[in-house]
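Chain letters run A, B, ... following the sequence lines, proteins first, then strands; residues in each count from 1.
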Amino acid sequence: MSDFPDDMPFFDGPAGGPPAARPAGGGIAARAMAARQQPAAPDYLRGLNAEQSLAVETTEGPVLVLAGAGTGKTRVLTTRIAHILATGRAFPSQILAVTFTNKAAREMKHRIGMLVGEAVEGMPWLGTFHSIGVRLLRRHAELAGLRSDFTILDTDDVIRLIKQLIQAEGLDDKRWPPRQFAMMIDGWKNKGLGPAEIPEGDARAFANGKGRELYKAYQDRLLTLNACDFGDLLLHPIRIFRSYPDILKDYHRRFKYILVDEYQDTNTAQYMWLRLLAQRPAGAAVNICCVGDDDQSIYGWRGAEVDNILRFEKDFPGATVIRLERNYRSTAHILGAAAHLIAHNEGRLGKTLFTDRSDPDDAKVNVHAAWDSDEEARAIGEEIEQLQRQKHNLSDMAILVRASFQMRSFEDRFIEIGLNYRVIGGPRFYERQEIRDAMAFFRVVAQPADDLAFERIVNVPKRGLGEATIRQVHDTARALGVPMLEAAAKLAESDELKPKPRAALREVAANFERWQKSLETTPHTELAETILEESGYTDMWKNDRSAEAPGRLENLKELIRSMEDYESLRSFLEHVALVMDAEQNDQLDAISIMTLHSAKGLEFETVFLPGWEEGLFPHQRALDEGGRSGLEEERRLAYVGVTRAKRNLHIWFVSNRRIHGLWQSTIPSRFLDELPEAHVEVTEASNSYGGYGSGNGGRQNPYGASRFDNVGSFSNTYSTPGWQRAQQNKTEATDRNWGTRSGHQVERIGYGETDSGFGAGRTSVKGRTIEGELVAKSVSNEPSRFAVGDRVFHQKFGNGYVSAIDGNKLTIDFDKAGQKRVLDGFVMAA
DNA sequence: CAGCTATGTATTTTT
DNA sequence: TACATAGCTG
């Protein structure tokens, strides 16, 4: 395999030297000439700082760029590619540039385009791990037992397939949830493990010890279906590279430069894939450049191995390591807060962001308290309106939450006050039911062997084909070794079925046959419309009286519209399989609401970080399941959040949050303790409910008293929330005093030697004491202190009678607020 | 077979 | 609480 059919002419130029001919793209040539003639740096290098220049110009040998938040990471990456191209070190097709997301790939393409013009078009190997994986696999599909027109299954397909397999094994799919097994497979594939390689323990943990057999059966089934899951897009190429050294060598020759973005997010399989491609004969240098930030590794839970970046110098001896620490994004206060926070993590490569900007007008990081999530949303809404009045654009602001349920209170509030907002992330276009249904129709037409798609829509719209009939089609297909569509056609001709399902099947089969015929003759957008019409799918939604139906029809139209950008049905299907997001179109001025995870890589003038409470952030589950490293990942997430802000950062926490439908009293996040006093200001909630007397429970206030009523003293002394938490834990155990809680304590997390070497109860790390003892205890398992019929008082709902008790959950009939379920610890005897 | 009520379970997300 | 899924009933 030495031909690269779809590429531009491939020159193998003298080792180390530039190719003899110039790549296409007039602008580059001119610039390169200019660069050669003048000693001065070419245009694209101008404005880079010393470290950035070094990262761009150290083209030979392994390079690790540790790029802190806001230090110009993307700029370095794109300029480096431009530099390689402009100096004629390689052709566009000889550069392998990998990103994680399609968005990042698009962005990179765009920015390289700005620098070098047309030449980006010739960069076939710039893309996500998966899109490049597909490209490789389509070329060598037969070596993996696939045809080159294999389909790519998404999570939904995978789960349905696994469910079938579990049932086929005669196992109970309730006891062994397909979803869970799909996750296990995903986990194994992230580690690069095939059925034969998984640990015995893992194999036994599922399906009565049949885990391995099930995984094997799953892989076999994929081959029969001529299909791949996402993991296979990496694993198959890895196997091919290992089994066919000649093929691998061809790629070695081809890829003169390898660049990897967000290296801290690579999982083991991606790492193996990269290692294979980066192999070089002994003594030969690898031109691999990995860019990343260990402090922004927030995807450990889905298999990312921070270790990959920590180990880089060992993996690539003689590597140049470049630290980008000059931050161009944020104020000194924000950077100070971020640095102090992240310093609590161990096992870092260690970077300290700095900036030259020192504007006395720069605001400190603001920490605010609110009574509950509604008040939090209301107050943030007011702050936003205030900024709006000062001519700030909504687009320059963002609310970054830990978990998506938090978005709701903001959406509710913003709808109420008429504030434009945009939710980023969320359920994506191609994951909507109507889109997936439509896609399933298209898939069966383009790919008649796609049984999963077939099963999804045989009975859509409802045709009276129930489970029994579908099972029969399935069994027939298995028996004959043909796709289900074909089996359906056969069954419809036989007399094995009752008239009704038989007629229905006959119609389905006839429909698909007809559509398949027009595939070659009809423009694909037109065909798509025809399919949706003739199948009765659009009518189904037209007749649907529910509120979502019109939107769904709108989405279907949008789907057809987006197909116009593609040449064929097939290329469109491929696009959708890999790119699950639809580009955000609107230019509307709106505030962004998104999770912290999806905020990575973005920046905003003003950032709001609500919900900094123990249990939510850090998330209880991360703590329970991830232990110390789970906590550290949460802290990195906090760091990512903080470093998104350019000028203003507002952090919020509430005293009460409704979680799973019941109110819980919450405790400020430990991360608040870890912010440096010097850069932080604790602000009194500027809400209309302020001034409700302090220290006495404030019953005259309809919302009850907040223990941050006298947030003033809290502000003055910055007695840490952590200390308050400690105090609270103590007081709550003995009495239920909801009055003043602020103290005048010194921050216990200090640097230096003061705390080390004392009792064993304290966790001492490198001369600094990390507070480890004050973990919140949010839910008690003890029997309730109350009995049915007790008269109780609740801070939010007032007085009432206990009507039922379920563990520590009380159902209370409140005099004014009606019946509510609340936690035991949240009420007191009246 | 389809609509209803009971039941269980509630991070983070990409491809 | 709220949503999704599952099993039951018409």
Side-chain angles (χ1 to χ4, degrees), chain A residues 98-105 127-134 152-156 158-159 163 172-174 177-179 183 186 189-190 228-234 262 265-267 269-270 297-304 373 400-409 424-428 430-431 433 459 461-470 498 500-501 504 574-581 594-601 611 615-626 630 633-634 636-638 640-641 657-664 809 811 819-822:
Chain A
V98 218
T99 64
F100 273 84
T101 63
N102 291 293
K103 199 172 134 206
T128 62
F129 276 100
H130 292 85
S131 68
I132 292 171
V134 174
I152 301 160
L153 305 184
D154 63 31
T155 326
D156 225 63
V158 168
I159 288 171
K163 187 171 180 177
D172 179 8
D173 62 349
K174 273 183 76 180
R179 200 170 262 290
M183 276 161 51
D186 201 53
K189 292 195 173 178
N190 285 159
C228 270
D229 63 17
F230 285 117
D232 287 341
L233 298 179
L234 282 168
E262 306 278 16
D265 288 340
T266 47
N267 61 38
Q270 287 156 342
S297 162
I298 54 174
Y299 287 109
W301 53 273
R302 68 175 195 208
S373 51
L400 312 181
V401 298
R402 172 67 246 261
S404 41
F405 76 83
Q406 291 174 264
M407 293 179 180
R408 189 173 172 166
S409 54
I424 314 275
R428 281 162 300 169
Y430 291 111
E431 279 171 359
Q433 184 195 340
N459 198 31
K462 299 260 179 281
R463 289 188 172 85
L465 291 168
E467 203 191 331
T469 318
I470 293 170
K498 295 203 176 99
K500 238 200 214 159
E574 171 120 342
H575 163 82
V576 174
L578 291 173
V579 184
M580 290 299 285
D581 62 334
M594 69 188 97
T595 62
L596 286 160
H597 281 92
S598 39
K600 191 163 75 152
L616 177 59
F617 194 33
H619 199 282
Q620 194 57 48
R621 202 151 154 185
L623 262 29
D624 293 345
E625 290 167 17
E633 184 155 307
E634 294 288 291
R636 290 193 291 269
L637 198 51
V640 167
R657 194 173 284 281
R658 206 167 54 179
I659 293 170
H660 305 334
L662 44 94
W663 287 94
Q664 284 193 214
K809 296 164 198 165
T811 305
Q819 194 180 74
K820 305 274 178 195
R821 297 229 303 162
V822 296

task = Would you kindly check whether a donor in the side chain of A/R402 faces an acceptor in the base of B/dT12, or vice versa, at under 3.5 angstrom?
result = yes
key: For A/D265, the option from A/R302, A/Q270, A/K600 that meets side-chain hydrogen bond (donor to acceptor under 3.5 Å, both in side chains)   = A/K600
key: Nearest-Å distance for atom pair CZ/P, residues A/F129 and B/dT13   = 20 Å
task = Using a 4.0 Å heavy-atom cut-off across all strands, classify A/L616 as base, sugar-phosphate, or nothing.
result = nothing
query = A/R302 has a side chain; which of B/dT14, B/dT15, B/dA10 sits nearest to it?
reply = B/dT14
note = From CD1 of A/I424 across to C1' of B/dT13 the rounded distance in Å is 15 Å
inquiry  = Regarding A/R463, tell me which of base, sugar-phosphate or nothing describes its non-hydrogen contacts under 4.0 Å with the strands shown.
reply    = nothing
query = Once you round it to whole Å, what is the distance between P of B/dT13 and CG of A/D154?
reply = 17 Å
task = Decide, applying a 5.5 Å centre-distance limit and a 30° plane-angle limit (both strict), whether A/H619 stacks on B/dT11.
result = yes
query = Where does B/dT11 land, syn or anti, given syn is within 90° of 0?
reply = syn
inquiry  = Within the 4.0 Å heavy-atom criterion, would you say A/T469 contacts the bases, only the backbone, or no part of the nucleic acid?
reply    = sugar-phosphate
Toward the 5' end of DNA chain B, by each residue's nearest nucleotide, A/A622 or A/F100 = A/A622
key: Integer-rounded Å distance: C/dT1 C1' and A/H660 NE2   = 10 Å
ask   = Whole Å only: how far is the NZ atom of A/K462 from the P atom of B/dC1?
value = 11 Å
key: Of the listed nucleotides B/dT15, B/dT13, C/dA6, the one nearest the side chain of A/K163   = C/dA6
request  = Using atom CZ of A/R621 as one end and atom C1' of B/dA10 as the other, report the distance to the nearest whole Å.
outcome  = 8 Å
ask   = Given atom CE of A/M407 and atom P of B/dT13, what is their separation to the nearest angstrom?
value = 7 Å
query = Should A/N102 be listed as having a side-chain N or O under 4.0 Å from OP1 or OP2 of B/dT14?
reply = no
inquiry  = Checking contacts here: which listed nucleotide (B/dT15, C/dA6, B/dT12) is nearest the side-chain heavy atoms of A/H130?
reply    = B/dT15
query = Where the side chain of A/E262 meets the backbone of A/T99, is there a donor-acceptor pair that is under 3.5 Å apart?
reply = no
query = If you look at every strand shown and take non-hydrogen atoms under 4.0 Å, does A/T155 touch a base, only sugar-phosphate, or nothing?
reply = base
request  = Would you indicate what A/Q406 reaches in the nucleic acid, counting non-hydrogen atoms under 4.0 angstrom: base, sugar-phosphate, or nothing?
outcome  = nothing
ask   = Of all the nucleotides listed (C/dT1, B/dT14, B/dT12), which has the minimum atom distance to the side chain of A/T595?
value = B/dT12
Donor-acceptor under 3.5 Å (A/N459 side chain, A/L465 main chain) = yes
task = Using atom types as modelled and distance alone, determine if a side-chain donor or acceptor of A/E633 lies under 3.5 Å from a backbone N or O of A/G300.
result = yes
inquiry  = Between B/dT14 and A/F230, is there a base-stacking contact, meaning the centre of the base's six-membered ring lies under 5.5 Å from the residue's ring centre while the planes stay under 30° apart?
reply    = no
ask   = How would you label the contact of A/E467 with the nucleic acid (heavy atoms, under 4.0 Å): base, sugar-phosphate, or nothing?
value = sugar-phosphate
task = Would you please confirm or rule out a distance under 4.0 Å between OP1 or OP2 of B/dT12 and any side-chain N or O of A/S404?
result = yes
inquiry  = Aromatic contact between A/W301 and A/H597, with the criterion being ring centroids under 6.0 Å apart: yes or no?
reply    = yes
Interatomic distance at P, B/dT12 relative to C/dT5, whole Å = 16 Å
query = What is the distance, rounded to the nearest whole Å, between atom CE of A/M183 and atom P of B/dT12?
reply = 13 Å
query = So, does A/R402 use its side chain to make a donor-acceptor pair with the main chain of A/L616 at under 3.5 Å?
reply = no
message = Looking at every non-hydrogen atom in both residues, tell me the closest pair between A/F230 and A/L153 and how far apart they are.
response = CE1-O, 3.9 Å
inquiry  = By the 4.0 Å heavy-atom rule, please label A/A468 as base, sugar-phosphate, or nothing.
reply    = sugar-phosphate
request  = Scan A/D265 against the nucleic acid and name what it touches under 4.0 Å (heavy atoms): base, sugar-phosphate only, or nothing.
outcome  = nothing
